[in-house]
Every structure is written in structure tokens, then in C-alpha cells.
Amino acid sequence: MTWQLYEQLIDATPTAITVTDFGIAPHWAWLRTSDGHVGIAAVYPGDGRPVLSESPIGRPLIDAASMVTSWNFAEAGVGLAAINAWVNRDASHFAEAPDAFVAYASHYVGKRVGVVGHFPGLERTLRDVADLYVFERVQRPGDYPDSAFEYLAPDLDAVFITASALVNKTMPRLLELSAGLDTIIVGPSTPMSSILFDAGATTLSGFIPTDPAGLVGTLKGIGGGRKWDFGKRVNVSVDSSALLEWRNR
């Protein structure tokens, strides 16, 4: 396994834009840029490895993005938030869409579907229509351990993968194991970048902030609402008619 996916995401981040602010909330890292955009990404509980980087404030966005390779997962979350602050910006090819599990449930009626990460609401969306396998490090009743994906992936027809797998560095292997499957990267941490299509994803389901100030406020706990109130869910597939335009960004 190599760092190729991470290196490509980092290298696509600009040097001219700088970081003006960042923070780590209980479950989310966020980062604001000098041109007024915000990116977010999931973080994992616990301190883990020591932080290796100094504060990203005032530094080029690409320097902050390089933090995604850190083995301190809070620091890596800040790095992914930096990447998302660049790629997850509102554009004409990002139409608002339903939650991915709602949007795609009808595609997988009677199919064997894996979900890496136990998302809320799976019982209401996929469990009643598909033969569902949930892979989770901290298991709930009925879940498989995340390590079981290594063995059960060949039996699946499709897989939804939490984008936080980019933070804990399991994403490259998960994509490798998912070759030939419908592979949906899902969650607000998802970089809406065609680089992930090149790595094997077939659909990206992410979050585009449309009210950066409101989003930062609610993550800081000083504003009302939920993060979804300050942006929109978007789904883009590899066969989308907008993909050519997107690749030429």
C-alpha cells in the first residue's frame, strides 16, 4: 500500500490560498481559508500519536492539507478538512441531493450491500431492502468487525465506505478490496474530487458548505442548528454528465 491517493489529493491543493482559522470540535475538524471557504472532516476520539505540525494558521493551504498523512487522527482530520476546503465548493454540477442511503437504496433491492461504518438510519433505509453487512470497529449488535471486510468483500455487490477512512488510513485498502463493486464514498468528510474516481470509487456522496460562518458557529457550539443547515448534500457518480467539466477544473 502506498501514499499515492493522499499525495494526489495534497498536490491538487493550491499554494496561494492560506489558512485563517481552524478548530477541532468533539467529532469534527474544520478549517477556514483566506478566500472565505470552510472544509470539515471527521476526527476520532483520543489523542494517539503526538501532533507533528505547528498551527496551520497563516500557512499555505497545501501545507495544512499535508497533515492528512499524520498518524495523530485529530491532526489528520484537520488535513482532510483543508483538502475539503478546496474541493468542496459550491458549483453548478453539485446539485442538492438526498442522503446517499435514501438516494441509492432502490438500486440494491435484494443485493448484498456492505457499509463500512455504522451510519444512523441504516435500519430505515437499507436493512429492509438489501442483505446488509455493516463493518464497524466499535461494533453494535449485528455488526461485523471492520477486519471482516478483508474476507467478505468478494461476496458483496456494492459497498458504502465512510470517508473518515481517509483519516485512519484504511481507505486505499478498502478501495482495493472493493474493485469491481459499486463503491460509494459517503459522509461530510468526502472530498468531492475526481481523484477518488481514479482510485476506484464509483459515487461520491458529500457535503458542500454554503454558509461557512454559520457552519463554523454551530461546530463551535455558539450557533444554532445542525451542520446540514449550513450546506447541502451532493451525490456525483463516475458516469455523471457533469464529470468531464469537473475533471477539467
Side-chain angles (χ1 to χ4, degrees), residues 3 5-94 96 163-164 166-169 187-196 204 206-234 246 249:
W3 290 103
L5 174 59
Y6 293 90
E7 291 167 350
Q8 290 174 338
L9 289 168
I10 293 166
D11 290 346
T13 308
T15 58
I17 297 171
T18 58
V19 177
T20 59
D21 202 4
F22 83 106
I24 301 174
H27 302 290
W28 299 98
W30 57 270
L31 181 143
R32 183 160 22 203
T33 66
S34 56
D35 61 344
H37 290 270
V38 167
I40 66 172
V43 294
Y44 286 82
D47 292 330
R49 292 285 302 166
V51 171
L52 300 178
S53 299
E54 299 176 358
S55 168
I57 294 176
R59 293 165 56 191
L61 189 61
I62 192 170
D63 289 356
S66 69
M67 295 165 64
V68 73
T69 62
S70 173
W71 289 108
N72 178 292
F73 289 159
E75 186 174 50
V78 174
L80 184 55
I83 290 167
N84 288 342
W86 172 242
V87 296
N88 291 5
R89 300 183 174 206
D90 205 7
S92 59
H93 51 272
F94 288 145
E96 188 159 13
S164 63
L166 283 163
V167 175
N168 70 17
K169 315 301 186 290
S189 302
T190 304
M192 299 300 293
S193 167
S194 59
I195 289 168
L196 283 169
L204 305 179
F207 176 72
I208 304 293
T210 55
D211 180 353
L215 177 60
V216 169
T218 200
L219 292 176
K220 286 182 174 181
I222 58 176
R226 305 174 304 158
K227 61 182 178 296
W228 304 113
D229 299 328
F230 305 102
K232 62 185 184 183
R233 292 181 173 94
V234 296
W246 191 18
R249 280 186 68 208

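A donor-acceptor distance shorter than 3.5 angstrom exists from the side chain of Arg59 to the backbone of Glu54, with no hydrogens or angles considered. In terms of modelled atom types and a separation under 3.5 Å, the side chain of Asp229 and the main chain of Arg226 share a donor-acceptor contact. Put simply, the side chain of Tyr6 gets close to the backbone of Leu166: a donor and an acceptor are under 3.5 Å apart. Side chain of Thr190 to backbone of Gly206: no donor-acceptor contact under 3.5 angstrom is found. Looking only at distances, no side-chain donor or acceptor of Trp86 sits under 3.5 Å from a matching main-chain atom of Pro14. Judged by distance alone, with hydrogens and angles left aside, the side-chain atoms of Lys232 form no donor-acceptor pair with the main-chain N or O of Asp90 at under 3.5 Å.
Here the shortest heavy-atom pairing between Lys169 and Val167 reads NZ-O, 2.8 Å. The two residues Val19 and Ala64 have their closest heavy-atom pair at CG2-CB, 3.8 Å. Annotation for Ile208 and Met192: closest pair CD1-CG, 4.2 Å, computed over non-hydrogen atoms. Across every non-hydrogen atom of Leu215 and Phe207, the tightest pair is CD2-CE2, 4.0 Å. Here the shortest heavy-atom pairing between Ala41 and Gly77 reads CB-O, 3.4 Å. The nearest pair of heavy atoms linking Ala82 to Ala65 is CB-N, 3.6 Å.
At least one side-chain heavy atom of Ile195 sits under 4.5 Å from a side-chain heavy atom of Leu5. Taking the side chain as every heavy atom from C-beta outward, Ile57 and Phe22 approach each other to under 4.5 Å. Two residues are said to be in side-chain contact when any heavy atoms from C-beta on lie closer than 4.5 Å; Asn84 and Ile40 fail this criterion. Between Trp30 and Asp21, the closest side-chain pair of non-hydrogen atoms falls below 4.5 Å. In this structure, the side chains of Pro56 and Asp63 stay at 4.5 Å or more apart for every pair of heavy atoms. Considering only heavy atoms from C-beta on, Ser193 comes within 4.5 Å of Leu9 through its side chain. Contact check for Leu61 versus Leu31: side-chain heavy atoms found under the 4.5 Å cut-off. Side-chain atoms of Trp28 and Ser189, non-hydrogen and from C-beta on, do get closer than 4.5 Å to each other.
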Verdict with reasoning, Asn168 to Phe73, per side chain to side chain contact (heavy atoms under 4.5 Å, CB included): CA-CA 6 Å; Asn168 70 17; Phe73 289 159; 3.8 Å; yes
Audit row: Val68, Ile83, side chain to side chain contact (heavy atoms under 4.5 Å, CB included) steps and yes/no: CA-CA 9 Å; Val68 73; Ile83 290 167; 4.0 Å; yes
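For the atom pair OG1 of Thr210 and CZ of Phe94, the computed distance is 13.5 Å after rounding to the nearest 0.5 Å. Atom NE2 in His37 sits 12.0 Å away from atom CZ in Arg32 (nearest 0.5 Å). Rounded to the nearest 0.5 Å, atoms CG (Leu219) and NZ (Lys227) are 8.0 Å apart.
There is a side-chain donor-acceptor pair under 3.5 Å between Asp35 and Thr33.
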